[in-house]
Trainee: 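For reference, the structure I am asking about is given below.
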Amino acid sequence: MGRKAFMFLVLGLIGISSKTVAQNLVNGKKIYETRCLVCHQADGGGVPNMNAPLDGSTNVVGNDISRMVKIIKKGYNERVALDGSYYSNAMTPNPDLTDAAIADVLSYIRNSWSNKASMVTIAQVKKQVVKK
Ligand code: HEC
């Protein structure tokens with residue numbers, strides 16, 4: 001393969017992968033708007049003392065992806081301090097979301113508002129095996 005053709009191939013592949021990232025985030029936003037926004041709000045700020053904020057949360061941009069996968073699948077009502085605050089509401093479970101949908105919504109909340117963290121892959125979601 002000529003050098004020029006090789007460069008086109010590389011640029012093409014970069015183009016494809018960045019388009020996929022954008023599509024994942026668009027899909028994640030849709031899921032967020034239909035399932036999460038009602039509690040966590042459009043700005044990710046949550047509701048003080050009631051619904052935890054996702055914007056600026058150290059857990060949301062942290063490395064414990066398994067914990068968040070479990071929270072999304074099973075819901076969450078642990079009443080442990082999250083960044084020093086407690087939230088009285090109970091998060092509802094989402095047992096019907098596919099692994100791909102969970103990866104997209106997690107990628108979205110990790111890369112929205114002031115959050116900037118790595119995208120979440122389907123393989124990372126699959127690592128979290130939740131007991132029925
Ligand atoms: C019925 C309201 C409600 C809905 C709907 C909801 N959540 Fe939550 N979420 C909460 C509450 C309340 C907490 C904190 C619970 C606690 O502290 O016991 C929480 C906690 C979390 C956390 C942990 C935050 C941290 O700092 O550790 C994540 C991540 C999360 N939610 C993501 C989502 C996603 C993604 C969706 C949509 C698929 C969603 N939530 C839908 C109410 C909700």
Side-chain angles (χ1 to χ4, degrees):
M1 195 189 313
R3 202 170 163 174
K4 220 169 176 177
F6 179 73
M7 279 313 293
F8 273 117
L9 180 66
V10 169
L11 289 174
L13 288 175
I14 293 168
I16 288 164
S17 67
S18 64
K19 194 172 169 200
T20 305
V21 166
Q23 283 167 343
N24 288 346
L25 291 175
V26 166
N27 190 41
K29 185 173 202 256
K30 269 189 217 141
I31 298 162
Y32 183 82
E33 286 171 350
T34 50
R35 300 203 182 218
C36 323
L37 182 147
V38 62
C39 291
H40 292 290
Q41 306 296 299
D43 65 356
V47 178
N49 306 314
M50 201 176 156
N51 296 317
L54 302 180
D55 183 27
S57 157
T58 52
N59 286 325
V60 170
V61 295
N63 295 324
D64 195 349
I65 304 298
S66 290
R67 173 182 171 274
M68 287 192 284
V69 171
K70 188 177 174 195
I71 286 174
I72 291 175
K73 284 186 178 174
K74 303 281 279 186
Y76 191 60
N77 190 19
E78 295 292 327
R79 305 283 159 79
V80 297
L82 301 172
D83 292 318
S85 296
Y86 294 85
Y87 301 94
S88 61
N89 209 1
M91 178 166 154
T92 40
N94 298 274
D96 56 320
L97 276 185
T98 62
D99 291 343
I102 292 174
D104 286 352
V105 77
L106 278 176
S107 295
Y108 175 74
I109 65 172
R110 282 163 65 82
N111 289 284
S112 294
W113 319 297
S114 67
N115 292 349
K116 192 90 199 90
S118 61
M119 298 287 285
V120 172
T121 64
I122 296 174
Q124 282 175 299
V125 174
K126 282 191 194 302
K127 275 192 202 154
Q128 167 62 46
V129 180
V130 176
K131 287 196 215 101
K132 286 264 174 338

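Start at 1 and go down the list; that is how both ligands and their atoms are numbered.
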Trainee: Among protein heavy atoms, which sits nearest to atom 5 (C) of ligand 1, and what does the distance come to when rounded to 0.1 Å?
Mentor: Arg35 O, 3.2 Å

Trainee: Decide whether Asn94 and Lys73 meet the rule of one side-chain donor and one side-chain acceptor closer than 3.5 Å.
Mentor: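 Per modelled atom types, Asn94 and Lys73 side chains form no pair under 3.5 Å.
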
Trainee: Which residues pass the side-chain contact (heavy atoms from CB on, under 4.5 Å) test with Ile71, sequence neighbours left out?
Mentor: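 Here the qualifying residues are Arg67, Tyr76, Met91.
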
Trainee: From the options Val60, Val38, Ile109, Leu82, select the one whose nearest heavy atom is closest to atom 17 (O) of ligand 1.
Mentor: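 Closest candidate by heavy-atom distance is Leu82.
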
Trainee: More than 12 foreign heavy atoms under 6.0 Å from CG of Asn63: is that the case here?
Mentor: no

Trainee: Are any of the N/O atoms on Arg79, whether in the backbone or the side chain, positioned under 3.5 angstrom from an N/O atom of ligand 1?
Mentor: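 Looking only at distances, the answer is yes, because the N/O contact criterion of under 3.5 Å is met.
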
Trainee: Considering only residues two or more places apart or on different chains, which pairs with a residue in residues 48-58 satisfy side-chain hydrogen bond (donor to acceptor under 3.5 Å, both in side chains)?
Mentor: Asn51-Asn89, Asp55-Ser114, Thr58-Asp83

Trainee: Should the proximity of Asn89 to ligand 1, defined as any heavy atom under 4.0 Å, be assigned to the side chain, the backbone, both, or neither?
Mentor: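 Both backbone and side chain.
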
Trainee: For Leu97 and Ile72, work out which heavy atoms get closest and say how close.
Mentor: CD1-CG2, 3.9 Å

Trainee: Under 4.0 Å from a heavy atom of Met50: give me the atoms of ligand 1 that qualify, with their elements.
Mentor: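 In order of number, 12 (C).
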
Trainee: Using a cut-off of 6.0 Å, state whether more than 12 heavy atoms not belonging to Arg79 lie near its atom CZ.
Mentor: yes

Trainee: For ligand 1, note which part of Ser88 has a heavy atom under 4.0 Å away: side chain, backbone, both or neither.
Mentor: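 Neither; nothing of Ser88 gets under 4.0 Å from ligand 1.
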
Trainee: How close do Tyr87 and Pro53 get, heavy atom to heavy atom, and via which atoms?
Mentor: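 So the minimum-distance heavy-atom pair works out to OH-CD, 3.2 Å.
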
Trainee: If you count the atoms of ligand 1 from 1 in the order shown, which ones are under 4.0 Å from a heavy atom of Ser57?
Mentor: 25 (C), 26 (O)

Trainee: By the definition side chain to side chain contact (heavy atoms under 4.5 Å, CB included), identify the one residue from Leu54, Asn27, Leu106 that meets it with Tyr32.
Mentor: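 The residue from Leu54, Asn27, Leu106 that satisfies side chain to side chain contact (heavy atoms under 4.5 Å, CB included) with Tyr32 turns out to be Leu54.
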
Trainee: With heavy-atom distances below 4.0 Å as the criterion, list the atoms of ligand 1 near Asn59.
Mentor: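 Contacts of ligand 1 toward Asn59, numbered from 1: 25 (C), 26 (O), 27 (O).
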
Trainee: So if I count the atoms of ligand 1 from 1 in the order they appear, which ones are less than 4.0 Å from some heavy atom of Ala90?
Mentor: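 Ligand 1 atoms under the 4.0 Å threshold to Ala90: 1 (C).
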
Trainee: Asp83 versus ligand 1: do any nitrogen or oxygen atoms come within less than 3.5 Å of each other?
Mentor: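 No; every N/O pair is 3.5 Å or more apart.
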
Trainee: Give me the number of protein N, O or S atoms whose distance to atom 8 (Fe) of ligand 1 is under 2.8 Å.
Mentor: 2

Trainee: Applying side-chain contact (heavy atoms from CB on, under 4.5 Å), can you list everything that pairs with Ala117, at least two apart in sequence or on another chain?
Mentor: Val61, Arg110

Trainee: So that I can tick it off, tell me whether Asp64 and Lys70 are bridged by a salt bridge, with the cut-off set at under 4.0 angstrom between side-chain N and carboxylate O.
Mentor: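 No, this pair does not count.
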
Trainee: Any atoms of ligand 1 less than 4.0 Å from a non-hydrogen atom of Arg67? List them with their elements.
Mentor: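 Answer, ordered by atom number: 25 (C), 27 (O).
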
Trainee: Quick one: do Tyr108 and Lys29 satisfy side-chain contact (heavy atoms from CB on, under 4.5 Å)? Show the steps, please.
Mentor: CA-CA 6 Å; Tyr108 175 74; Lys29 185 173 202 256; 3.5 Å; yes

